[in-house]
Amino acid sequence: MAHRGNRSEVSANEHGEQNEQSALQEISPLTLNRLSFYLRCLRQLQELGLARISSQEMAQRYHLSATQIRKDLAQFGEFGIRGVGYQIDELAEHLDALLGLDRDHPMVIVGMGNLGSALARYLGFNHGAFRVVAGVDNDPRKIGRSVAGFTVRDAAALADVVRESGAVIGVLTVPSELAQHYYDALADAGIRGVLNFATIRVKPRPGVPLKNVDLRINLEELAFFLKE
């Protein structure tokens, strides 16, 4: 058994599991984003064949804050050993489970235009826990097309598509005026979370979390910093 005095980033224990469950109720989107990035870094370190890394080394390698790394991970238990660092495989496995990436998350895309079709073929949407399994559209010219291994179905059959495909995440790439309608349709069909690319905020329902992605906002933020 390790001594209390020589552990600051220690392995998970029963108290850590309890802390993790309570912390999940309060975790902020910014913290989630950082945890996802930490996991990406750990995956890269695994590819390099490294077994351990300290928070300081990780911070220097990836331009992060060692203090922030330790603070974020401390919300979910204790990891690593002072002077030795984190065991990379163990921490990556824990973050995988924490972020829900240890299970499959099949996705259905609503709106199979240029963006929807590109996302269906995008490696990031078809890797690890994520895979696009279905797509729907209300345009007769798109219905029946083969895209990324599936046939585009009529959006009117969305509930059937969700049930048959087993999709749990919906991706909205529809015109703004249709976003709320199809968010509600996805929720009614049993979808558990929605990623919205429409340039409008829709009203979410309890139990069906919504994440908005507006690339133009990022461009406008960048334009602000380019002002003379």
How long is the span from the CD1 atom in I69 to the CG atom in L35, to the nearest 0.5 Å? 10.5 Å
Could you please spell out the steps behind the salt bridge (charged side-chain N to carboxylate O under 4.0 Å, His left out) verdict for R43 and E47? CA-CA 6 Å; R43 292 302 185 206; E47 292 175 1; over 6 Å; no
Indicate if F130 and L42 have the same hydrophobic cluster label, given that clusters are the connected sets of ILVMFWY residues with side-chain heavy-atom separations under 4.5 angstrom. yes
I143 and V136: CA distance, side-chain angles, deciding distance, side-chain contact (heavy atoms from CB on, under 4.5 Å) verdict: CA-CA 7 Å; I143 297 169; V136 302; over 6 Å; no
Kindly state each residue pair satisfying salt bridge (charged side-chain N to carboxylate O under 4.0 Å, His left out) with at least one member in residues 119-137, sequence neighbours excluded. none
Non-hydrogen atoms of A179 and N196 that approach each other most closely: CB-OD1, 4.4 Å
Between R70 and Y86, is there a side-chain heavy-atom distance shorter than 4.5 Å? yes
Neighbour count >12 (heavy atoms, 6.0 Å) for atom CG, N218: yes
With a 4.5 Å cut-off on side-chain heavy atoms, are K71 and R34 touching? no
Taking the side chain as C-beta and beyond, is there a heavy-atom pair between N138 and Y182 under 4.5 Å? yes
Scan the side chains in residues 197-205 for donor-acceptor partners under 3.5 Å anywhere in the protein, sequence neighbours excluded, and list what turns up.
from: T199; atom 1: OG1; to: S176; atom 2: OG; distance (Å): 2.9
from: R205; atom 1: NH1; to: D188; atom 2: OD1; distance (Å): 2.7
from: R205; atom 1: NH2; to: D188; atom 2: OD1; distance (Å): 3.0

Quick one: do L119 and V132 satisfy side-chain contact (heavy atoms from CB on, under 4.5 Å)? Show the steps, please. CA-CA 8 Å; L119 291 175; V132 178; over 6 Å; no
For D72 and Y38: C-alpha separation, side-chain torsions, deciding distance, then whether side-chain hydrogen bond (donor to acceptor under 3.5 Å, both in side chains) applies. CA-CA 10 Å; D72 288 338; Y38 300 159; 2.7 Å; yes
Can you tell me if Y62 has over 12 outside heavy atoms packed within less than 6.0 Å of its OH? yes
Hits for salt bridge (Lys or Arg N to Asp or Glu O under 4.0 Å) against E177, two or more places apart or cross-chain, chain-then-number order -> none
Mind checking what makes side-chain hydrogen bond (donor to acceptor under 3.5 Å, both in side chains) contact with E93, not counting sequence neighbours? none
More than 12 heavy atoms from other groups under 6.0 Å of CZ on R40: no
So V171 and F125, do their side chains get closer than 4.5 Å, heavy atoms only? yes
Correct closest heavy-atom pair for A66 and S55 would be CB-O, 3.7 Å
Pair up each side-chain donor or acceptor in residues 98-113 with any protein partner under 3.5 Å, not counting sequence neighbours, and list the distances.
from: H105; atom 1: NE2; to: G100; atom 2: O; distance (Å): 2.6

With F150, which residues qualify under ring pair (Phe, Tyr, Trp, His ring centres under 6.0 Å), at least two apart? none
Does Y183 reach the side chain of Q180, with side-chain heavy atoms less than 4.5 Å apart? yes
Ignoring hydrogens, what is the shortest heavy-atom contact between R61 and L50? Give both atom names and the distance. NH2-CD1, 3.8 Å
